[in-house]
2 protein chains.
Amino acid sequence: MDDIYEIQADVLRALGNARRLEIIHWLAQGPCDVGTLADRMAIAQPNLSQHLALMRSTGIVEGERRGREIRYRLIDPDIVRACGLMRGVIERRVARLADATRTTGSVPLAPPHSTTTQR
Amino acid sequence: MDDIYEIQADVLRALGNARRLEIIHWLAQGPCDVGTLADRMAIAQPNLSQHLALMRSTGIVEGERRGREIRYRLIDPDIVRACGLMRGVIERRVARLADATRTTGSVPLAPPHSTTTQR
DNA sequence: GGCACTGATGCGCATCTGCGCATGTGCGAG
DNA sequence: CTCGCACATGCGCAGATGCGCATCAGTGCC
């Protein structure tokens, strides 16, 4: 009755990856097969398939056979809306950071966990 | 100009954890100090501090000293809205799964990656 | 000053993730 | 039936995550 958090965390973890966010970005513009997606994203096909498998298992996307290709599509449009909200949050945060940096002349918070400079 | 996905992934990863979702749940009902939060969540204080530090570094929460306590609060209310959208997505998915299971008598998808039965 | 309290940080460990790589599987064409 | 194409899956490894534990740091009070 409370492990709804676990499930929600699974979905959010499935979204917490730049590659998968890019997948959502492309699928938000309409269904697409794996090959085309791999081509657009410049990503290895097995790697893409792994991401798609994960997103399938969490109920974010689903695939349907079309001849020998498989067309993937987003299941729930609210995923895109939620991502849009998140994006707004980020833009506001960046603006806030830029503002604080401009007025104080230094970075206000988060010395550890660089956040942006990863990988 | 495209690593906005990286930043967004950082935030979503920061939300992709049941403990941190619970933190958001409590903070959504008003600011709270660490001790009270640790008490409500039945979690070790150092562990809670680590979660809070991560959420601080991603700009989800912020803390302010109040005497010798520190009151944490959510920075952007849209985080809660996004989580609400996610919750709707999940409820719809669960309903869809239950429906498919009832009509077909078996689980329709995701044999691997059990999703719910982790840890 | 010393002390108690509140919170943050460092360390070590088990586990999970993401990737490249090789290989397996389902489909259509000949 | 066999071949080639489109995806999926298994394996192994480097790096990241979450936790318990001990310890450090800031604050108020005596």
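In what follows, chains are A, B, ... by sequence order, proteins preceding strands, each numbered from 1.
Among the nucleotides D/dG18, C/dC19, C/dA8, the one closest to the side chain of A/His51 is C/dC19. Taking every side-chain heavy atom of B/Ser49 into account, C/dT9 is the closest of C/dG18, D/dT9, C/dT9. Set against D/dA8, C/dT9, D/dG18, the side chain of A/Tyr72 has D/dA8 as its closest nucleotide.
End-to-end axis angle of the helix from C/dG1-D/dC30 to C/dG30-D/dC1, from C1' rotation axes over five pairs per end: 20° (rounded to 10 degrees).
Of the residues in residues 27-40 of chain A, A/Asp33, A/Val34, A/Gly35 come within less than 4.0 Å of DNA chain D through at least one heavy atom, sorted by number.
Protein atom CG of B/Asn17 is 11 Å distant from nucleotide atom P of C/dT17, rounded to whole Å. Rounded to whole Å, atom C1' of D/dA8 lies 10 Å from atom CG of A/Leu52.
Inter-residue side-chain proximity for A/Ile79 and A/Leu15 is flagged as met; some heavy-atom pair is nearer than 4.5 Å.
For the side chain to side chain contact (heavy atoms under 4.5 Å, CB included) test, residues two or more places apart in sequence or in another chain that qualify with B/Glu91 are B/Arg87. Applying the salt bridge (charged side-chain N to carboxylate O under 4.0 Å, His left out) criterion to A/Arg71, with sequence neighbours excluded, gives no partner residue. Listed by chain and residue number, A/Thr36, A/Glu69 satisfy the side chain to side chain contact (heavy atoms under 4.5 Å, CB included) test with A/Asp33 (two or more places apart in sequence, or in another chain).
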| Annotated protein contacts, base or backbone, on nucleotides 20-30 of chain C with a non-hydrogen cut-off under 4.0 Å, one of B, S, - each | BBB---SS---
